[in-house]
Every structure is written in C-alpha cells, then in structure tokens.
J.: 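This is the structure I want to talk about, given as structure tokens.
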Amino acid sequence: QFQLEESGGGLVQPGGSLRLSCAFPGFSLLNYNVGWFRQAPGKEREGISCIISGDYSADYQDSVAGRFTVSRDNAGKTVSLQMNNLKTEDTGVYFCAAASALPGFYGVTSCPNSGMDYWGTGALVTVSS
C-alpha cells in the first residue's frame with residue numbers, strides 16, 4: 001500500500017514555529033497535487049493548503065493564510081509546510097495527501113478532502129503554553 005510520510009510535528013508555544021515535511025518513498029511528488037489537512041480535537045478533517053504540480057501554484061485556508069507557507073523541493077522528494085505564529089487553535093493532527101494532477105488550479109479545492117489518492121498517517125502538532 002502506497003503511503004506518504006509526515007515528519008516534524010511536536011509541541012510548541014503560541015507564537016512559535018514548526019516545519020512539517022511530507023515524503024512519498026519511492027515516488028516523486030512533482031506530478032501530484034499535494035494537500036495539507038488537519039484534524040483538530042473533536043472536529044472533522046479540513047484542508048488547509050494545496051500546492052499543485054506544474055507551476056507550483058499554492059493556496060491556503062483563510063485561517064492559516066499569511067502564517068503558513070507550502071513549498072516543494074525541486075527533486076520532488078518532499079513537500080514542506082512552514083508554520084509560523086502558531087496559535088492554540090492550530091493544534092491537531094496534520095496529514096499530507098497527494099492526488100494525480102488535473103488541469104487547472106482551483107485553490108485549496110484542487111486538493112479535495114474526499115478526492116486525494118494517497119495519505120500519510122499524520123503528525124501531531126500541539127500549540128500550548
């Protein structure tokens with residue numbers, strides 16, 4: 001079974017930063033749209049960012065825009081999520097997921113919660129003082 005791998009979660013104080021990485025062992029992520037999702041305690045999983053293949057356009061959910069940045073390495077081995085100015089409400093399990101790229105860019109919805117092909121097992125991020 002093909003599975004992505006997240007790394008970089010942990011405990012951080014409010015206002016701090018963390019960097020999550022997503023890898024797809026044995027495959028290149030260059031040909032996939034890659035999304036980051038999170039599931040807060042007691043809530044449903046939600047999409048927070050998406051970066052597409054091709055021109056690497058990216059988009060963010062309003063709650064993280066301006067604080068989170070998604071990027072790819074040129075070799076296609078990893079997709080990273082830099083999270084700055086973290087808030088307590090950012091606490092949750094963060095998942096990366098990949099989907100075969102389709103033409104066009106539709107913002108965060110280019111990585112639909114129910115339409116991704118491959119998922120990671122998640123990385124816990126806890127923002128607490």
J.: Measuring centre to centre across the rings, with the benzene-like ring taken for any Trp, is W119 within less than 6.0 Å of F37?
T.: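 Between F37 and W119, which both carry aromatic rings, the centre distance is below 6.0 Å.
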J.: Give the minimum heavy-atom separation between A75 and S28, together with the two atoms involved.
T.: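 Smallest heavy-atom distance, with atoms named: O-OG, 3.9 Å.
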J.: Any side-chain to backbone donor/acceptor pair from E6 onto T121? Under 3.5 Å, distance only.
T.: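 Indeed, once roles are kept as given, a pair shorter than 3.5 Å links the two residues.
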J.: Specify the closest pair of heavy atoms between L4 and C96, including all atoms of both residues, with the distance to one decimal.
T.: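 Reported closest heavy-atom pair: CD2-SG, 3.5 Å.
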J.: What distance separates D59 CG from S110 OG, expressed to the nearest 0.5 Å?
T.: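 It is 8.5 Å, given to the nearest 0.5 Å.
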J.: What closest approach, in Å, do S71 and R19 show between heavy atoms, and which atom pair accounts for it?
T.: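 Residues S71 and R19, closest heavy atoms: OG-NH2, 3.7 Å.
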J.: Between R38 and V125, does a side chain to side chain contact (heavy atoms under 4.5 Å, CB included) hold up when you go through it step by step?
T.: CA-CA 9 Å; R38 72 181 174 194; V125 172; over 6 Å; no
J.: Please report whether the ring centroid of Y118 lies less than 6.0 Å from that of F24.
T.: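 Aromatic pair counts; centres sit under 6.0 Å.
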J.: How about E89: does its CD atom have over 12 heavy atoms from other parts shown lying under 6.0 Å from it?
T.: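 Yes, enclosed.
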J.: List in chain and number order the residues that pass ring-ring contact (aromatic ring centres under 6.0 Å, His included) with Y56, two or more places apart in sequence or in another chain; answer none if no residue qualifies.
T.: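 With neighbours one apart ignored, the set is empty.
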J.: Let's go through V70 and V34 carefully: what are the C-alpha distance in whole Å and the side-chain angles of both, what is the deciding distance for side chain to side chain contact (heavy atoms under 4.5 Å, CB included) to 0.1 Å, and is it a yes or a no?
T.: CA-CA 10 Å; V70 62; V34 178; over 6 Å; no
J.: Please work out which of the three classes, parallel, tilted or perpendicular, describes the rings of F2 and F27, given edges at 30° and 60°.
T.: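 Perpendicular, since the angle between the ring planes exceeds 60°.
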J.: Please determine whether side chain to side chain contact (heavy atoms under 4.5 Å, CB included) holds for the pair S49 and Y60, giving the CA-CA distance in whole Å, both sets of side-chain angles, and the decisive distance to 0.1 Å.
T.: CA-CA 4 Å; S49 76; Y60 306 87; 3.7 Å; yes
J.: Rounded at 0.5 Å granularity, tell me how far CG in N113 sits from CD in E46.
T.: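 With rounding to 0.5 Å, CG (N113) is 9.0 Å from CD (E46).
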J.: Looking only at non-hydrogen atoms, find the nearest pair between L20 and G8 and report the distance.
T.: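 Between these two residues, the closest heavy atoms are CD2-C, 3.5 Å.
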J.: Of all heavy-atom pairs between Q3 and P25, which one has the smallest distance, and what is that distance?
T.: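 Shortest heavy-atom separation between Q3 and P25 comes out as O-CD, 3.7 Å.
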J.: Could you tell me which residues satisfy side-chain hydrogen bond (donor to acceptor under 3.5 Å, both in side chains) with N85, sequence neighbours excluded, listed by chain and number?
T.: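 Partners of N85 by the side-chain hydrogen bond (donor to acceptor under 3.5 Å, both in side chains) criterion come out as none, since no residue qualifies.
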J.: Testing the basics here: between P14 and S129, what is the closest heavy-atom pair and its distance to 0.1 Å?
T.: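 Scanning both residues completely, I find the closest heavy atoms to be CD-N, 3.7 Å.
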J.: Answer with yes or no whether the hydrophobic clustering places V93 together with L81; edges join I, L, V, M, F, W, Y residues whose side-chain heavy atoms lie under 4.5 Å apart.
T.: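 Different clusters.
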J.: Measuring from F95:CZ to R45:CZ, what's the distance to the nearest 0.5 Å?
T.: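 If we round to the nearest 0.5 Å, F95:CZ and R45:CZ are 6.5 Å apart.
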J.: CG/L11 to CG/L18 distance, rounded to the nearest 0.5 angstrom?
T.: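 Here the interatomic distance stands at 8.5 Å.
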J.: If you round to the nearest 0.5 Å, how far is CD of Q61 from CH2 of W36?
T.: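 Those atoms lie 15.0 Å apart.
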J.: When rounded to the nearest 0.5 angstrom, what distance separates OG in S80 from CD1 in I51?
T.: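 Separation between the atoms: 9.5 Å.
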J.: Under the 4.5 Å side-chain heavy-atom rule for ILVMFWY, direct or indirect, which residues accompany F105?
T.: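 Result for F105 is I52.
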J.: Judged by atom type as modelled, is there a donor-acceptor pair below 3.5 Å linking the side chain of N33 to the main-chain atoms of C111?
T.: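 Checking the backbone N and O of C111 against the side chain of N33, no donor-acceptor pair under 3.5 Å is found.
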J.: Would you find a donor on one side and an acceptor on the other, under 3.5 Å apart, between the side chain of T91 and the backbone of V127?
T.: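 Side chain of T91 to backbone of V127, a donor-acceptor pair under 3.5 Å: yes, one is there.
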J.: Show the numbers, then the answer: is there a side chain to side chain contact (heavy atoms under 4.5 Å, CB included) between M83 and V64?
T.: CA-CA 8 Å; M83 305 184 294; V64 306; over 6 Å; no
